[in-house]
Amino acid sequence: QAQLVESGGGLVQAGGSLRLSCTASALTFSSYTMGWFRQAPGKERETVAVIEWNGVTLDYADSVKGRFTISRDNIKNMAYLQMNSLKPEDTAVYYCAAEYFGDVSSVVKQHGVNYWGKGTLVTVSS
């Protein structure tokens with residue numbers, strides 16, 4: 001059964017950096033558009049960044065543009081989210097998700113996602 005597992009979360013001071021990883025198994029990773037999402041306490045889940053299955057098209061939430069970078073390694077079956085200049089408002093549980101040959105705009109809207117990970121907590125202290 002396909003599985004996505006996030007790692008790399010933790011506690012960091014404002015201004016610091018973290019790199020999240022998403023390890024995929026039991027799926028043809030290179031056929032999936034990958035996305036990172038986050039949900040803060042009491043808030044709806046929001047899309048953070050999306051990378052197309054072929055790595056060509058990327059999309060970022062306005063709130064993270066210039067600070068976060070999404071990438072993927074289709075050999076290692078992994079997706080990454082490099083987070084720099086972290087702010088307390090970035091505190092949330094971060095999830096990765098996969099959609100089979102997903103259109104970036106569809107994944108941004110969280111429509112048609114096939115698999116979700118269980119999330120990793122990122123806490124940014126002020």
Side-chain angles (χ1 to χ4, degrees):
Q1 185 173 352
Q3 190 175 19
L4 302 176
V5 178
E6 302 92 342
S7 61
L11 174 64
V12 63
Q13 288 187 332
S17 298
L18 283 175
R19 188 176 83 153
L20 304 184
S21 299
C22 174
T23 303
S25 59
L27 55 79
T28 305
F29 183 75
S30 59
S31 299
Y32 285 80
T33 293
M34 300 298 297
W36 284 97
F37 306 83
R38 67 187 181 186
Q39 187 166 22
K43 295 187 177 181
E44 292 187 354
R45 185 173 59 203
E46 64 172 341
T47 305
V48 176
V50 177
I51 183 167
E52 196 172 21
W53 57 273
N54 57 11
V56 172
T57 302
L58 312 178
D59 192 89
Y60 293 94
D62 289 342
S63 59
V64 307
K65 281 181 181 176
R67 301 188 297 122
F68 290 11
T69 303
I70 189 171
S71 61
R72 64 187 298 152
D73 186 330
N74 286 351
I75 302 299
K76 294 183 178 179
N77 288 356
M78 295 185 71
Y80 305 97
L81 185 69
Q82 178 66 42
M83 306 186 295
N84 299 328
S85 302
L86 283 161
K87 304 175 181 179
E89 51 263 44
D90 294 318
T91 295
V93 177
Y94 283 72
Y95 302 88
C96 68
E99 181 175 326
Y100 185 68
F101 285 120
D103 181 79
V104 168
S105 61
S106 172
V107 178
V108 167
K109 296 175 184 177
Q110 305 181 38
H111 294 166
V113 169
N114 301 108
Y115 304 105
W116 289 92
K118 293 184 178 180
T120 185
L121 176 63
V122 172
T123 304
V124 184
S125 63
S126 57

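Below, all heavy atoms of this structure are taken into account, side chains as well, without hydrogens, waters or symmetry copies. Bear in mind the structure is a predicted one, so any value in this text is a computation, not a measurement.
Residues Ser17 and Arg67 are not in side-chain contact: their nearest non-hydrogen atoms beyond the backbone lie 4.5 Å or more apart. You'll find the side chain of Lys76 stays beyond 4.5 Å of the side chain of Phe29, heavy atoms only. The side-chain heavy atoms of Tyr115 and Glu99, taken from C-beta on, include no pair separated by under 4.5 Å. A 4.5 Å side-chain heavy-atom check between Val122 and Leu20 finds at least one atom pair inside the cut-off. Using a 4.5 Å heavy-atom cutoff, the side chains of Leu11 and Ser125 are in contact. Taking 4.5 Å as the limit, some side-chain heavy atom of Leu18 sits within range of a side-chain heavy atom of Leu86. The closest side-chain heavy-atom distance from Val104 to Leu58 is not below 4.5 Å. Annotation: side chain of Asn114 is in contact with side chain of Tyr32 (closest heavy-atom distance under 4.5 Å).
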Test log, rule side chain to side chain contact (heavy atoms under 4.5 Å, CB included), inputs Phe68 and Leu81: CA-CA 7 Å; Phe68 290 11; Leu81 185 69; 4.2 Å; yes

Val108 vs Ser106, side chain to side chain contact (heavy atoms under 4.5 Å, CB included): CA-CA, chis, key distance, verdict: CA-CA 5 Å; Val108 167; Ser106 172; over 6 Å; no

Worked verdict on Arg45 versus Trp116 for side chain to side chain contact (heavy atoms under 4.5 Å, CB included): CA-CA 12 Å; Arg45 185 173 59 203; Trp116 289 92; 3.4 Å; yes

From CA spacing to verdict: side chain to side chain contact (heavy atoms under 4.5 Å, CB included), Met34, Leu4: CA-CA 10 Å; Met34 300 298 297; Leu4 302 176; 4.2 Å; yes

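Tested against Arg38, the residues Thr91, Asp90, Val93 include a single side-chain contact (heavy atoms from CB on, under 4.5 Å) partner, Asp90.
Taken together through direct or relayed side-chain contacts under 4.5 Å among Ile, Leu, Val, Met, Phe, Trp and Tyr, Tyr94 and Val64 form part of one hydrophobic cluster. Both Phe101 and Ile70 are members of a single hydrophobic cluster when ILVMFWY side chains are connected at heavy-atom separations under 4.5 Å.
A distance of 13.0 Å separates CD1 of Ile51 from SG of Cys96, quoted to the nearest 0.5 Å. Expressed to the nearest 0.5 Å, how far CZ of Arg72 lies from OG of Ser30 amounts to 7.5 Å. Once rounded to the nearest 0.5 Å, the distance linking OG1 of Thr69 with CE of Met83 reads 11.0 Å. Interatomic distance, SG of Cys22 versus CE of Met78, reported as 8.0 Å (0.5 Å rounding). Atoms OG and NZ, on Ser126 and Lys87 in that order, are 14.0 Å from each other to the nearest 0.5 Å.
Taking every heavy atom of both residues into account, Leu27 and Ala2 meet most closely at CD2-CB, 3.8 Å. Ala40 approaches Ala92 most closely through the heavy-atom pair N-CB, 3.8 Å. What you find for Ala98 and Val113 is that their closest heavy atoms are O-CG1, 3.5 Å.
Using a 4.0 Å cut-off between charged nitrogen and carboxylate oxygen, Lys118 and Glu6 do not count as a salt-bridge pair.
If you look at Phe37 and Tyr95, their ring centroids are not closer than 6.0 Å.
For residues 50-62, the set of pairs meeting the side chain to side chain donor-acceptor pair (under 3.5 Å) definition, not counting sequence neighbours, comprises Glu52-Thr57, Asp62-Lys65.
For the pair Arg19 and Tyr80, the distance from NZ or CZ to the six-membered ring centre is under 6.0 Å and the angle to the ring normal is within 45 degrees.
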